[in-house]
Amino acid sequence: GLMGNNISALIDAWLNAILIYWGEPSRPVFMLASLVGAGGAIGALVRAARGAADGIYVLVFVAILVAWPFPGQMYRLALPVIPLLALHALWACQRLIARLGGERLAHDWGAAASIFPLVLCVPPVLFYIAERARLPADAGASEYRKTDIAEFYRIPDRASAEASALQQIGIFEDMEQIRRTTPEGARVMWYAPNYVALLAGRCGVMLERSADLASMAAQMRAAKPDYIYLAVVHPRDSAQRLGNPIDAVGAALPFSDGVWRRSNARGGVESIFLKVDPSRIVSAP
């Protein structure tokens, strides 16, 4: 279910944050990161039980993420709490040593353990992130580079990382195209209207997923958009758990006409921009 998917995504986000791309379970470093994560969770629980604000904060933060409906966003949403979990892991390690060997030993080993996260994080930064950041810019006229996109570093497989980065670059370019092809004050309907306002400088209006003509017509009557933008990338449902977001074009076309579209190298449609015809909405059932 959703909770199970979110918990799995949270664990995956933790391991990726610590290991970057070293996530194969067969590698010792994977087990070390898992140990840090487990220690952080135990430390947070113990501190929360003692009434410590940092422990309670972590539990509340994680509870919100577990209820969040889009697991594909966990890599980004989990980042603020990961440093606290790392500190809780160090605290738990220190308390365990204190219980077994005394406070003096805990002080000495606790200080030494603080270098442990660096041992896990520094090699990926030096030999993975830095390597990808030094890649040459893509050929072409685009001002955006895949090395500027966070997903390019998070995804281990190079081909998948590039495909994800290029999809996001395509959205940036689409927003500029919207700015060029619409008048000021135009109302553009998309799943993320705030992105339209920020990146395209146009008035964004909310689009909810619609598979049938009646619900699409009702939305358009209420929002009164001048244009509709659809793309294969959904800012909220990045894992496409609810299906391909561009599929709504079937419900939108009866009330609009195509202005432009963007295709990928294989000829598949990546995005489409439609101009709404208000007269067709009025006559819709």
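Both backbone and side-chain heavy atoms feed into the values below; hydrogens, waters and symmetry mates do not.
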Item to complete: Give a yes or no on whether Arg180 atom CZ has more than 12 heavy-atom contacts from other residues, nucleotides or ligands under 6.0 Å away.
Response: yes
Worksheet entry | Donor-acceptor contact below 3.5 Å, side chain Ser164 vs main chain Ser160 | no
Discussion item. Membership question, hydrophobic clusters at under 4.5 Å side-chain separation (ILVMFWY): are Val259 and Leu253 in the same one?
Written reply: yes
Worksheet entry | Sidechain-backbone polar pair: Arg187 side chain, Lys224 backbone, donor-acceptor under 3.5 Å | yes
Worksheet item: Is Arg261 atom CZ crowded by more than 12 heavy atoms from other residues, nucleotides or ligands, each under 6.0 Å away?
Response: no
Worksheet item: Tyr229 and Gln177: side-chain donor and acceptor closer than 3.5 Å?
Response: no
Worksheet entry | Closest approach of Pro225 to Val276 (non-hydrogen atoms, all atoms of both residues) | O-CB, 3.6 Å
Fill in: Cationic N near anionic O, under 4.0 Å, Glu103 to Arg95
yes
Fill in: Rounded distance (nearest 0.5 Å) linking atom CD1 of Ile169 with atom CD of Glu162
10.0 Å
Practice prompt. Output the distance between atom CD (Gln168) and atom CG (Asp148), rounded to the nearest 0.5 Å.
Written response: 11.5 Å
Practice prompt. Please tell me if the side chains of Leu274 and Ile272 come closer than 4.5 Å, counting only heavy atoms from C-beta onward.
Written response: yes
Discussion item. Working note: Arg202 + Glu184, criterion side-chain contact (heavy atoms from CB on, under 4.5 Å); need CA distance, chi angles, decisive distance, verdict.
Written reply: CA-CA 7 Å; Arg202 296 297 180 260; Glu184 289 189 20; 4.1 Å; yes
Practice prompt. Say whether, by atom type as modelled, one donor and one acceptor occur between the side chain of Gln219 and the main chain of Glu208 under 3.5 angstrom.
Written response: yes
Practice prompt. Report the distance from atom CE of Met189 to atom CG of Asp226, rounding to the nearest 0.5 Å.
Written response: 10.5 Å
Fill in: Flag side-chain contact, heavy atom, 4.5 Å: Arg280 against Asp257
yes
Practice prompt. Locate the shortest heavy-atom distance separating Arg132 from Ala161; write the atom from each residue and the value.
Written response: NH1-CB, 3.3 Å
Worksheet item: For Gly39 and Ala92, which heavy atoms make the closest approach, and how far apart are they?
Response: O-CB, 3.7 Å
Worksheet item: Honestly curious: do Val249 and Ile178 fall in one hydrophobic cluster under the side-chain, below-4.5 Å linking rule?
Response: yes
Worksheet entry | Qualifying side chain to side chain donor-acceptor pair (under 3.5 Å) pairs with a residue from residues 41-65, counting only residues at least two apart or across chains | Arg47-Asp54, Asp54-His88
Discussion item. Are the side chains of Ser271 and Trp260 in contact, using a 4.5 Å heavy-atom criterion?
Written reply: yes
Worksheet item: Among the clusters formed by ILVMFWY side chains lying less than 4.5 Å apart, do Leu84 and Leu59 turn up in the same one?
Response: no
Worksheet entry | Side chain to side chain, Tyr227 and Ser256, heavy atoms closer than 4.5 Å | no
Worksheet item: Are any non-hydrogen side-chain atoms of Leu96 and Leu100 less than 4.5 angstrom apart?
Response: yes
Worksheet item: Within a strict 4.5 Å, meaning less than it, do heavy atoms of the Phe255 and Met216 side chains meet?
Response: yes
Practice prompt. Drop me the distance from Leu230's CG to Asn244's CG, to the nearest 0.5 angstrom.
Written response: 9.5 Å
Discussion item. If hydrophobic clusters are built by linking Ile, Leu, Val, Met, Phe, Trp and Tyr wherever their side-chain heavy atoms come under 4.5 Å apart, do Leu198 and Ile171 end up in the same one?
Written reply: yes
Discussion item. Restricting to non-hydrogen atoms, name the atom on Ala41 and the atom on Leu85 that form the minimum distance, rounded to 0.1 Å.
Written reply: N-CD2, 4.1 Å
Practice prompt. Check Pro235 against Trp190 and note the closest heavy-atom contact, atom names and distance.
Written response: CG-CH2, 3.6 Å
Item to complete: Flag the pair Leu45 / Val58 as yes when at least one side-chain heavy-atom distance between them is below 4.5 Å, and no otherwise.
Response: no
Discussion item. side-chain contact (heavy atoms from CB on, under 4.5 Å) for Val196 and Val188? Distances and angles first, verdict last.
Written reply: CA-CA 7 Å; Val196 173; Val188 180; 3.8 Å; yes
Practice prompt. Please assess Val269 against Ile246 for the test side-chain contact (heavy atoms from CB on, under 4.5 Å), listing each intermediate value before the final yes or no.
Written response: CA-CA 9 Å; Val269 177; Ile246 206 172; 3.8 Å; yes
Worksheet item: Do Arg209's NZ or CZ and the ring of Tyr191 fall within the cation-pi criteria of under 6.0 Å and 45°?
Response: yes
Worksheet item: Side chains of Phe172 and Leu199: closer than 4.5 Å at any heavy-atom pair?
Response: yes
Item to complete: Mind checking the CG-CD1 spacing from Leu213 to Ile281? Nearest 0.5 Å is all I need.
Response: 12.0 Å
Worksheet item: Do Asp174 and Arg262 sit within salt-bridge range, that is, some charged N less than 4.0 Å from a carboxylate O?
Response: yes
Practice prompt. Only counting residues at least two apart or in another chain, list the ones meeting side-chain hydrogen bond (donor to acceptor under 3.5 Å, both in side chains) with Ser263.
Written response: none
Worksheet item: Where do Val232 and Gln167 land on the side-chain contact (heavy atoms from CB on, under 4.5 Å) test, with the steps shown first?
Response: CA-CA 8 Å; Val232 295; Gln167 275 194 335; 3.5 Å; yes
